[in-house]
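Lettering follows sequence order; numbering is per chain, from 1. Predicted, not measured: the structure shown is a model, and the values here were computed from it.
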Amino acid sequence: MKEQIRKLLQTAVNRLVEDGTLPPDTHVDIQVERARDRGHGDFAANTALMLARPARRNPRELAEALVAALPSSDTVQRTEIAGPGFINFFLRAEAAYAAVREALDQGEAYGRGDIGRGKRLLVEFVSANPTGPLHVGHGRGAAFGGALCNLLAEAGYQVHREYYVNDAGRQMDILATSVWLRYLEVSGQQLRFPDNGYRGDYVRHIARSLYEREHDALRRQAAAVFGDIPADGSQGGDKEAHIDALVARAKELLGRSNYRRVFDLALNTVLEDIRDDLAGFGVEYDEWFSELSLTESGAVELALERLQRAGHLFERDGATWFRSTEFGDEKDRVVRRENGAITYFASDIAYHLNKLERGFDAIIDVWGADHHGYVPRVKAALSACGEDAARLDVRLVQFAILYRGSERLQMSTRSGQFVTLRELREEVGSDAARFFYVMRKPEQHLDFDLELAKSQSADNPVYYIQYAHARICSVMRQLGDKGLRYDAANGLEHLTMLEERHELDLVNAIGQYRELVENAAAAREPHQVAHYLRDLANAVHTYYNAHQFLVDDATLRDARLCLVLAARQVIRNGLRLLGVRAPEAM
RNA sequence: GCGCCCGUAGCUCAAUCGGAUAGAGCAUCGGCCUUCUAAGCCGACGGUUGCAGGUUCGAGUCCUGCCGGGCGCGCCA
C-alpha cells in the first residue's frame, strides 16, 4: 500500500520535472508513512517539504502542484494538503477491508514478508558460560534473541540460531575443580572450599552423581590436595592464585583422563540443564557451537596466522599482540599470553571468521551490555583479516535489574545467590516472563519486579493480549451454544457493512501488521511487536464492549465474526513471534 | 580520567529516516456487569522530553557543552 502511494508520488514528481516546475536534476527520497492520527488520513507524505529547498518554492504550492499531477488510483479516495505542506492520503474503505480477507485466507502465514529476500543470517545469543544455571539476566538475552530470530524469519530471512559454548576456558576448569572438591566431601573428606569456587547447589548435585558413577576412584587425601597451595583470599592470600593452584593440583592428582571425566560430566550436566531450560522457555537452537572445537581443529592457530601474514601481530613482553588500534580500537590486545595460552579474544576472532566462512550474508551477536567494550576489537579483527566488519551487527542487551517489591536483589553466580531463569519460569510462567523481557527496547535498563510478574494480576500486560484472543474464542463457542452458524464467505462479501468507528479502527490495525513486521525486523526491535499487540488487543476489547457480535442479522454477524477472527489470527501470529502462547480460554 | 549506553507524566515505558496537538499502562478520582468472560470498557487528572546553546520550514530524535545514572577500560571470560 505504502509502495503504491510512493509510486504515485514518484510519477507526480516526474511530471513536474518534465513541465519545468521542478529543476531537471531533482532527486528526492519519497517518504510515505502511516498517519499518526485519523484526521490526517491513512498515509502522509512530506515530499513537498523536502522539495521546497532545492526547488526554491513554497512547500504548500508545491504540494498543490504534486496533488494536481498525481495519477488517478482506485485505492486513493482523496488527498488533502495540511500543515506546512504535508500531503495526506485517504484510502477507499474497500482497500482497508482487504486486510481482513488476507488475514483469514493466509492464516498463520499472514504477516510473512520478503524484505530478507532469503538472505542467510546467523544469530548468536545467550551463549552464557556453561558454569552454572541460567539466571534471570540471561533470560532477557534469550527472550530478545528468540523473538528477534522469529521476527527475522517472518520477514523472509533464513535464520540460523546458534549458541556459542565457552567450554575451553579457565572458568570451566574452576567449575570442574569445584565439582571434584564437592565430590571429595561426598566421599567423606573434610576440606575448606575455595572462595572463588562455584558454590551453587547444582555443583553438589553434579558431585553426587559423579560419586555414584566413580565411587572412590577419584578420591584423594585432602592433605595432598591442599598441600603447598597458596593461601585463599579470606586467609589473607590471593583468591585467584589459590584457585588456579587448586585447578593445577586437580589435574596433577587426577591425571588427564580422570580430570577429563570430571570436566565432561560437569560440562554436560550444566549444558543439558541450559538446553532444557531454554527449550522450556520456548527457545530452540540450530547449533551449539563448541569453543573447544575451534582450538582442537586448529582454527584458532589459523586465524592467528592469517593476522600474522597480514602483518597485524607483534611481540611485546613475551606475549603476542594484535595491533587493533590500527582499526579503531582504543588499545592493542593480547592474543597469546606470555605462558603460551591463547586468550578468549583469540578464539573469538577464529569464531567470527568461522561464522563468515560458513557463508552467512550477515551475522548478529546478541551480547550483554557489559561487553560493549568488546565490539571494536572484534570488528577490528575482522577488518584486519580483510573481511567487511559491517557484516557483523552486535545488539547489546542491558541487564535486567531484579526487584522483589521495592527491594533490589543482588546477584552473583559465584556466590550461588541468584534467581535462576528456571525459578522465574516456574513462578511467573514463560508467557509473562517472555513478554515482560521483550516489552522494552533492549538498550533500556529493565526493572523486573518479581512480585509484579508473579502477581497474575491485570498489571501483567501479557494477559490483556491473551484475554483478547481468548474472548474471541469464547464468542465462537457461544455461537455454537446458541446453535448459530458462521458463514465466512457471506461475511467476507459484506465487510463493507462494518462501518462503526470501532470496526474501522480494528480493520486498520489488522492492516498494519505486515508493515509492523517489516519495520520491526528491519530495526531488529521485537519490542515493536509487543506494543503493536497491545494496541490491537485494545481495539478488540473496545469493540467487544461497544458492540454485540452475535447479532440476529446473520449477514452482519458473519461480517463481524470475519473481523474478529482476522484479529484473532493476527494476535496469534504476533504472540508466536514473541514466543508467547495464545490461549483459547482463560 | 577516557569510551559506550541511558535520562520523556508520581512510577514503568512508547513515540516509524528529523514531521503535524509527545502517547500507553500502573497509581489516583468518577462512571459501566439482567447482554458474546469486568484479566474488560468509558471519562478525568497528570509534561519546560535532565539543563544551556546550536543546526532548519520543523528537534524527544541530529551537533556542542554541562548535570545525573548504568556499564566498560586485564597477558579474565
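Set against B:A77, B:A39, B:G7, the side chain of A:Tyr463 has B:A39 as its closest nucleotide.
A:Arg170 comes within 4.0 angstrom of sugar-phosphate atoms only, judged by non-hydrogen atoms across all strands, and of no base. Counting non-hydrogen atoms under 4.0 angstrom, A:Ala82 reaches a base of the nucleic acid. Nucleic acid contact class of A:Asp317 (heavy atoms, under 4.0 Å, all strands): base. Nucleic acid contact for A:Ala546: none, since no nucleic acid atom lies under 4.0 Å from a heavy atom of the residue. Residue A:Ala470 is classed as a base contact, given a heavy-atom separation below 4.0 Å to a base. Nucleic acid contact class of A:Thr542 (heavy atoms, under 4.0 Å, all strands): sugar-phosphate only. Within the 4.0 angstrom heavy-atom criterion, base atoms lie near A:Glu338. Residue contacts for A:Ala341: at a heavy-atom cut-off of 4.0 Å it reaches no nucleic acid atom on any strand shown. Within 4.0 Å (heavy atoms only), A:Asn88 reaches at least one base atom of the nucleic acid. A:Phe345 comes within 4.0 angstrom of nothing in the nucleic acid, heavy atoms only. Looking at heavy-atom distances under 4.0 Å, A:Arg36 makes contact with a base. Heavy atoms of A:Gln528 sit nowhere under 4.0 angstrom from any nucleic acid atom. A:His547 comes within contact range of at least one nucleobase, with a heavy-atom separation under 4.0 Å.
Taking atom CD on A:Gln512 and atom C1' on B:A15, their separation rounds to 14 Å, with Å as the unit.
At least one cation-pi condition fails for A:Arg333 and A:Phe322: the charged atom is not both under 6.0 angstrom from the six-membered ring centre and inside a 45 degree cone around its axis. Remark: A:Arg471 qualifies as a cation-pi partner of A:Tyr544 under the 6.0 Å distance and 45° angle criteria applied to the six-membered ring.
A donor and an acceptor atom sit less than 3.5 Å apart, one in the side chain of A:His372 and one in the base of B:G3. Judged by distance alone, with hydrogens and angles left aside, A:Asp370 brings no side-chain donor or acceptor close enough to the base of B:A77 to form a pair under 3.5 Å. Side-chain atoms of A:Asn46 come within donor-acceptor range of the base of B:G19, with a qualifying N/O pair under 3.5 Å.
Other residues, nucleotides and ligands contribute at most 12 non-hydrogen atoms within 6.0 Å of the NZ atom of A:Lys239.
Comment: A:Arg336 engages A:Glu301 in a salt bridge, judged by a side-chain N to carboxylate O separation of less than 4.0 angstrom. Of the charged side-chain nitrogens involved, none lies within less than 4.0 Å of a carboxylate oxygen, so that A:Asp329 and A:Arg323 do not count as a salt-bridged pair.
With centroids closer than 5.5 Å and planes inclined by less than 30 degrees as the test, A:Phe86 and the base of B:A20 pass as a stacked pair. Both stacking criteria are satisfied for A:His40 over the base of B:A20: a centre-to-centre distance under 5.5 angstrom and an angle between ring planes under 30 degrees. Applying the 5.5 angstrom centroid cut-off and the 30 degree plane-angle cut-off, the aromatic ring of A:His371 is stacked upon the base of B:A77.
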